[in-house]
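On a predicted model such as this, the values are computed, not experimentally measured, just so you know.
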Amino acid sequence: QRLPQVPGSPPVDGRAMPAGAGCDIFAVCDLRERPTHTPEPDSIEKQVTSRAPWAHRLPGHIMWAVTLATAVGMAILNMMTIMCMRKLVRGKFHIMQSVTDEFGVAFGAMALVFSAASLATCCMSLIFIVDPDAGSSGAPENRGWLNGNNPGNFFTLKSLVVRGMATILGNAAGYPVGREGPTVTMGSNLAFLLTDRMVRPYARQWVDVDTSGAGRTTALVVDEERIAAAKRVACSVGGACGMAMIFDAPIGGILYMFEEVTAVCWPMELTFRAFTGTITCALLSKALLNFCGTDIKAFVLYEWSPQRHPWDWWDLPVMILIAVILGPFSSIHTRICLKVGSWRQAAMKSMSRWQPYAKVVEAILYAAVCASVCASVALMGRCEPLRPGDSGELVRYNCPKGYYNPVASLLLTTSEGAVNLLFSRRDEGVIHPVNALLALCAYTCLNIGLTGVPAPSGNFTGTMLIGGLVGRIIGSYASRVTLGPDDGAAPSGVFAMVGSAAMLCGFKRMSLAVVWFVAVASNDFNTVPPLMLSIVVSLILAWFFKERGYDEEQVLRRNVDFLEPEPPDCMDFKGALDLSAAQPVPEEAMLAPETTTRDVAAALRCKSWSEFPVIHDGICIGFTTRGRLEAAMRACAANVDDDAGSHIIRHNRRFETGEYRPSVEGELERLVSDNLANSIGHIGPSQMLPVRRLIDPAPFIILEDMPAPRVYALFSKAGVNIACVVSDSGLFRGMITRAGLIKYTRKLELEDEERASKHKVAPL
């Protein structure tokens, strides 16, 4: 039973698409929308249409609709996040200050700890009850997806909602984090869902899978690669919108995603789409906040008092000194964070019998520890009188009215508020170096200790705060020295900006985006030259002390699929045959151009394989996918008897009402049983299936003697996902997949590191 042709429905490859068709995320015919009539003959293809790698070839108006929908959605999410966070943070500190004024500082600190623990309890309960996978920033997984790998079930509506709410609660609880990482992932998640909803009807086609060629059995096949290419473009736009609205810097959002995705995975069309999306998101976000009676500058890093000449030549040695200190320190900070994460993972593993309660309790206790440490260290600050025009970010805490506590102003506030205070060139004498040192020690320790806590967190603003504190301390002393003919050194706020850039670039291993974000926050692009100089010095030293940054290490430790642009040196003496031998193809996974449904069923039982080579006389004529084979098998099952239609309708209603929701794998197990029978019909084990019509007829062919680095470049730079390895005579010798290449590359790197560790002293 198949779909009717309905006028006015979305086109498929230039033809009218039958209404009522639907496909699930596994790119097979959705059982909830089972075809019920035969499609028009002119809409049936004899062969699956193939496209270039990473090319979606979708109508322009559809992709622009996705781009603008993503930008609007992110602006709305930003407004909701900001307003909720402001309410919770203000409420928490208002309770602390009220209790402090009424009952004393000890009870005020206890009120702060209780508020933080309560918010952390809500955050952890939401994560572990609803979606445990949302208990992280999601940045490594998002990066792996944008690199061209399969995200699995990472981007779901449930994950989007839970991560958004947990980010609000985690930041309000007082964890020493920002919201950059989760927001970028949320942008990708939103774009992923919108694209899947809007694009899927335009990337599917009817294919005749009747061996007689009469078109009596047709399968509705989805072009997974086209949809994936469109999703990656949209997800990059969503991530750029996330960073653009956090810093109110549309160009900065584009630069951030460009460095995150890398140039080899950045399509030409993406630049202008990101340009349009980020400015739309930034303007709409500003308009929504203005409508709510506030301004976006109140929630982003922004210096309100720029100078005409913020620095001079004699300030450069001090700025270089800051970079020389923070470059190695950023690498040491990364190493310690990773060690803490490993220790916490080992500790949680040893308490596996009490999971996930042990993780929940530990996260709540750590929120209480953060509040206790900040409240205690703030008591070491000496009260200073408020002066006319002083920043509104200053916190009174234990001081009488008309005074402020400089340490509390850095610790008992949001990370954005503390960075704004450090960047200020108007409040020059507000933060004494000793107060900044106290805040630096407390915040750095808490920031390091947070690694591994299951809370959606971003280290962007937190790292900027650490670097800004170091820069402010050094700048405070430098500003007292008169090196020039007229004035002293630059304001300490300028040195704080240099410190933030130097620390952030060493931690994130980024350059362009860091310069832009800090320059926009400084409200003065005259600071760009010293910022760039400090980043050059800091990055060189950071690479010397540690080759990989924090994000790269997280990708490896979480075993996220990610293909680096360049192959490792240890691959120089390998060949294509070595790469294919690392991922041998089982006999069941190799199909003939025309084969029985029993053989197809046997191939589908190879759960670890999603692409299957089609072999004719020892020569690979192409590859087909699991989704195409599943669609063809369902089409055959639906065509067996005329009474299947009413049974399908009853079956669909059971899906819709929630009475019955088997997995796709469970449905296929019934489909490929001994009699190949399932709930929608029976397939004879000897029924022939023309697999030839479901293949990519132009596979990438690689000779077995081709050097491995050249093969690697095809996958990393040309967007190839699968290739077959052949002998000189063209006979099939094996296949190379993107996932298999990543796995083999990491194995070689690990073996190389183990050999190197036996002959070298371990690095610092």
Quiz item: Does the pair Tyr712 and Tyr744 meet the rule for a ring pair (Phe, Tyr, Trp, His ring centres under 6.0 Å), with working shown?
Solution: CA-CA 11 Å; Tyr712 189 97; Tyr744 184 65; over 10 Å; no
Practice problem: Working to the nearest 0.5 Å, report the span between CG of Leu539 and SG of Cys505. | Solution: 4.0 Å
Quiz item: Is the closest side-chain donor-acceptor distance between Arg163 and Asn189 under 3.5 Å?
Solution: no
Quiz item: According to the interplanar angle, ranging from 0 to 90°, do the rings of Phe329 and His333 count as parallel (below 30°), tilted (30 to 60°) or perpendicular (above 60°)?
Solution: tilted
Quiz item: Side chains of Thr185 and Asn142: do they bring a donor and an acceptor to under 3.5 Å?
Solution: no
Quiz item: Would the number of heavy atoms belonging to other residues, nucleotides or ligands and lying under 6.0 Å from CZ of Phe525 be above 12?
Solution: yes
Self-check item: Arg179-Asn78 side chain donor-acceptor pair, cut-off 3.5 Å
Solution: yes
Practice problem: Take Trp543 and Ser331 through the test side chain to side chain donor-acceptor pair (under 3.5 Å) and record every step on the way to the result. | Solution: CA-CA 8 Å; Trp543 276 322; Ser331 294; over 6 Å; no
Quiz prompt | Side-chain donor-acceptor pair present, Ser137, Ser457, cut-off under 3.5 Å | solution = no
Quiz prompt | CD/Glu269: more than 12 non-hydrogen atoms of other groups inside 6.0 Å | solution = yes
Quiz item: Side-chain contact, heavy-atom cut-off 4.5 Å: Leu58 with Val199?
Solution: yes
Exercise. Please answer whether the main-chain N or O of Phe155 pairs with a side-chain N or O of Ser159 as donor and acceptor at a distance below 3.5 Å.
Key: no
Quiz item: Is the shortest heavy-atom distance from the side chain of Met464 to the side chain of Phe423 under 4.5 Å?
Solution: yes
Exercise. Decide ring pair (Phe, Tyr, Trp, His ring centres under 6.0 Å) for Trp145 and Phe562; before the verdict, give the C-alpha distance in whole Å, the side-chain angles of both, and the deciding distance to 0.1 Å.
Key: CA-CA 8 Å; Trp145 152 244; Phe562 187 87; over 10 Å; no
Quiz item: Would you call the rings of Tyr550 and Phe507 parallel, tilted or perpendicular, where under 30° means parallel and over 60° means perpendicular?
Solution: parallel
Exercise. To the nearest 0.5 Å, tell me how far Ser188 OG sits from Phe154 CZ.
Key: 9.0 Å
Quiz item: Should the heavy atoms of other residues, nucleotides or ligands under 6.0 Å from CE of Met532 be counted, would the total exceed 12?
Solution: no
Quiz item: Is the number of heavy atoms from other residues, nucleotides or ligands under 6.0 Å of Met63 CE greater than 12?
Solution: yes
Quiz item: What's the shortest heavy-atom distance between Arg558 and Ser136, and which atoms?
Solution: NH1-OG, 3.6 Å
Exercise. Determine whether more than 12 heavy atoms belonging to other residues, nucleotides or ligands lie under 6.0 Å from atom CZ of Arg557.
Key: yes
